[in-house]
Structure formats: structure tokens, C-alpha cells
Amino acid sequence: MKILVSVKRVIDYNIRPRVKADHSGIETANVKMAMNPFDEIAVEEALRFKETGVATEVVAVSLGTAACQETILSALAMGVDRGILIESAEELEPLAVAKLLAALARRENPGLVILGKQAIDDDANQTGQMLAALLGWPQGTFASGLRLKVKRIEVMREIDEGRETLSLKLPAVITTDLRLNQPRYATLPNIVKARKKPIERLTATSLGVDTTPRTETLKVTEPERQRRQVMVATIAELVDKLRYEAKVI
Ligand code: AMP
């Protein structure tokens, strides 16, 4: 079975994002970029399936500018077999990404597509769900555990009421939760080997997909600063503070 994993290039999660001066978006020039953390978990899970012999090939795909090749290289250095870059100069919305991944899945015929549950830049949490709908495949979102069975996969999910286990028919779409695994670091020999692995370059046109945006970002602003928080020891102290110190903002 082949596994397709999507790896998005995002601002490194250790970096505090800055809003552009014209409020049109987030500054990405000269900012450290990295693989979306949920996608590292997707890569790790796919590699574990390969190591236990249930997967035969793991393919990583990234969509965006030529710089996304770095993200694919990181996946190859973790142990992925080959990469695919779907190049686009314009920003791709989750729907466009889902349509492109669907076109690729129809070409590659994987048994599983594993995505992150959300990209930490847009926090959309849409792509996996839309991909499953476009393909007509079952979906197991926010997976915190996976167990492969004959022609099926069991997906453990944490929900408000407790823990849910779903059984999906393959091929299926999975999105990863943080609890699924602890991704490995790439070793130095694997980083060197990654440079020799193949990366195919495609475009939306070559896949016959229209990526015209459906939404427009009107304005991006900094989040409001957290208000000062005070702990009180007693109800009497709380009442006193409300009476004499609290102000209506
Ligand atoms: P989102 O729906 O934007 O929160 O993204 C959910 C997941 O879809 C991410 O964790 C990635 O696995 C995948 N994804 C979204 N955009 C891209 C992209 N440009 N390149 C690769 N994967 C992507």
C-alpha cells in the first residue's frame, strides 16, 4: 500500500508572527520556516506503517512556491521515499489544496492520505475534510491512534464524550492530532541521502485544477493584548476589588 502525506511550509512554531505594516497579511520575508507540526506527525505515522511492512511507499507532497522544496527535503530526510512539489506562485486556499490533492490521489492511487488536522498558519482545519468529500472516501479526522486491519483502518479519536473508535474502509483520508505520535528527528546520513531522492514538479494546470481563490483577506491585525489577571484569596477580597478597583473598559 502506498501512503501520500501532505507537508505544508509554515512559519516555524517558535517564531512570533508579525503582521505586515499594511495589514495585508503576515510577514514571511526573512522569517524561519518549517514543516507544519501536524504534518511531521503525519510523516512519522506513515513511516511507522512502512517500517512494520504494511506500507510499501511513502510519498510527501507540498503545495506552494519553489521554496516548499525545503519542506519536502525535510520529509525525505525523515525517511520518505519520494517527493512531489505542486508549484503555485499564488496563495492556495484549503479548497484549492484539496482539489489538487484529490487530482494527485486519483493519479497516485494511495491506500491512505494522511494530512495534519490543521495548518498552524491559517488554522483552517478544512483541507482533509474537503479532500475526503471530493474523493468520496471515508475520513478519520483528529486521529490520536491508528490500527491497520485487512482492507480497513481503525481510527481512535478523542471527542467531548470520551474516546471514539471508527473503522474506515480503505482508501481513506486521515488527519493527525498531536497525541498520535512523537515525530523523529532526521539523522545526518538521512539528510545526506535525502538530496538523492526524486522530487517531481507539477503545476495546477498540469493537474487540470482551477485554483482561483474564493475568499479575500480584507485585513489582518495583531491579537488584543491579554488583560491583567489577578488572583484573589477570598470572596470578600473579590467584592472589594470589584467595588473599588474594577473599571468598565
Ligand atoms: P488547513 O485545512 O489549511 O488547516 O490544513 C490542514 C492540512 O492540510 C495541513 O496540516 C497539511 O497537511 C495540508 N495542507 C494544507 N495546505 C497545504 C499546502 N500548501 N501544502 C501541503 N499540505 C497542505
Side-chain angles (χ1 to χ4, degrees), residues 3-13 17 25-26 28 33-47 58-76 78 80 82-105 107-108 110 112-135 137 139-144 146 155 157 172-181 183 199-204 206-207 209-215 217 220:
I3 302 182
L4 192 63
V5 281
S6 55
V7 292
K8 187 174 187 186
R9 184 173 187 262
V10 296
I11 295 183
D12 188 292
Y13 74 94
I26 300 294
T28 52
M33 306 296 281
M35 188 190 299
N36 184 43
F38 292 102
D39 300 348
E40 287 184 341
I41 295 170
V43 171
E44 176 64 37
E45 200 64 15
L47 292 175
V58 180
V59 183
V61 52
S62 193
L63 304 87
T65 62
C68 295
Q69 206 162 317
E70 284 168 27
T71 318
I72 296 175
L73 271 175
S74 307
L76 295 174
M78 284 173 78
V80 163
R82 65 184 165 96
I84 299 173
L85 168 66
I86 304 182
E87 225 172 324
S88 164
E90 307 146 20
E91 188 102 2
L92 294 168
E93 295 181 344
L95 178 60
V97 174
K99 283 184 187 169
L100 289 164
L101 290 177
L104 191 65
R107 204 191 72 163
E108 291 281 339
L112 276 180
V113 183
I114 314 183
L115 307 88
K117 76 169 179 184
Q118 73 193 64
I120 60 164
D121 53 0
D122 61 17
D123 267 351
N125 177 15
Q126 296 173 2
T127 311
Q129 294 88 328
M130 291 199 285
L131 172 64
L134 289 169
L135 290 169
W137 292 4
Q139 58 180 292
T141 54
F142 299 55
S144 56
L146 293 174
V155 183
R157 321 175 58 238
V173 174
I174 303 291
T175 73
T176 61
D177 198 359
L178 274 185
R179 288 178 196 86
L180 185 58
N181 63 47
I199 301 182
E200 185 184 0
R201 294 170 95 101
L202 299 171
T203 60
S206 70
L207 289 167
V209 174
D210 174 14
T211 57
T212 313
R214 308 287 177 95
T215 56
T217 303
V220 177

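Order of listing sets the numbers, starting from 1, for every ligand and every atom in it.
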- prompt: Looking only at non-hydrogen atoms, which of Thr127, Thr141, Ile120, Asp123 approaches atom 2 (O) of ligand 1 most closely?
  reply: Thr127
query: Do other residues, nucleotides or ligands put more than 12 heavy atoms under 6.0 Å from the CZ atom of Arg179?
result: no
Where ligand 1 meets Asn125 - atom numbers and elements under 4.0 angstrom, heavy-atom basis: 1 (P), 2 (O), 4 (O)
query: Quick one: which ligand 1 atoms are inside 4.0 Å of a heavy atom on Ala119?
result: 1 (P), 3 (O), 4 (O), 5 (O), 6 (C)
- request: Under the side chain to side chain donor-acceptor pair (under 3.5 Å) rule, collect the residues that match up with Asp121, sequence neighbours excluded.
  value: Lys8
query: Would you say Leu101 and Leu63 make side-chain contact, with heavy atoms under 4.5 Å?
result: yes
4.0 Å heavy-atom contact, Asp39 with ligand 1: yes
task: Run the numbers for me: atoms of ligand 1, each under 4.0 Å from some heavy atom of Asn36, listed by number.
output: 9 (C), 10 (O)
query: If you round to the nearest 0.5 Å, how far is CG of Leu95 from CG of Leu100?
result: 9.5 Å
message: On a heavy-atom basis, I'd like to know which of Met35, Lys8, Lys117, Glu91 is closest to atom 16 (N) of ligand 1.
response: Lys8
- request: Could you tell me the residue and atom name of the protein heavy atom closest to atom 20 (N) of ligand 1, and the distance to it rounded to 0.1 Å?
  value: Leu63 N, 3.1 Å
- prompt: Nearest to atom 14 (N) of ligand 1, what protein heavy atom do you find, and at what distance?
  reply: Val97 CG1, 4.1 Å
field: Heavy-atom side-chain contact between Leu76 and Ile72 under 4.5 Å
entry: yes
statement: When rounded to the nearest 0.5 Å, the distance separating CG of Leu92 from CD of Glu87 is 11.0 Å
- prompt: Considering only heavy atoms from C-beta outward, does the side chain of Pro183 approach that of Ile41 to under 4.5 Å?
  reply: yes
query: Between Asp122, Val7, Ile41, which one has a non-hydrogen atom sitting closest to atom 21 (C) of ligand 1?
result: Val7
query: Listed by chain and number, what are the side chain to side chain donor-acceptor pair (under 3.5 Å) partners of Lys99, not counting sequence neighbours?
result: none
- request: Considering heavy atoms of the protein only, find what lies nearest to atom 22 (N) of ligand 1 and give residue, atom and distance to 0.1 Å.
  value: Ser6 CB, 3.5 Å
- request: Report, in ascending order of atom number, the atoms of ligand 1 lying under 4.0 Å from any heavy atom of Ala124.
  value: 1 (P), 2 (O), 3 (O), 4 (O)
- request: Quick one: look up the protein heavy atom nearest atom 7 (C) of ligand 1 and list residue, atom name and how far away it is.
  value: Gly116 O, 3.3 Å
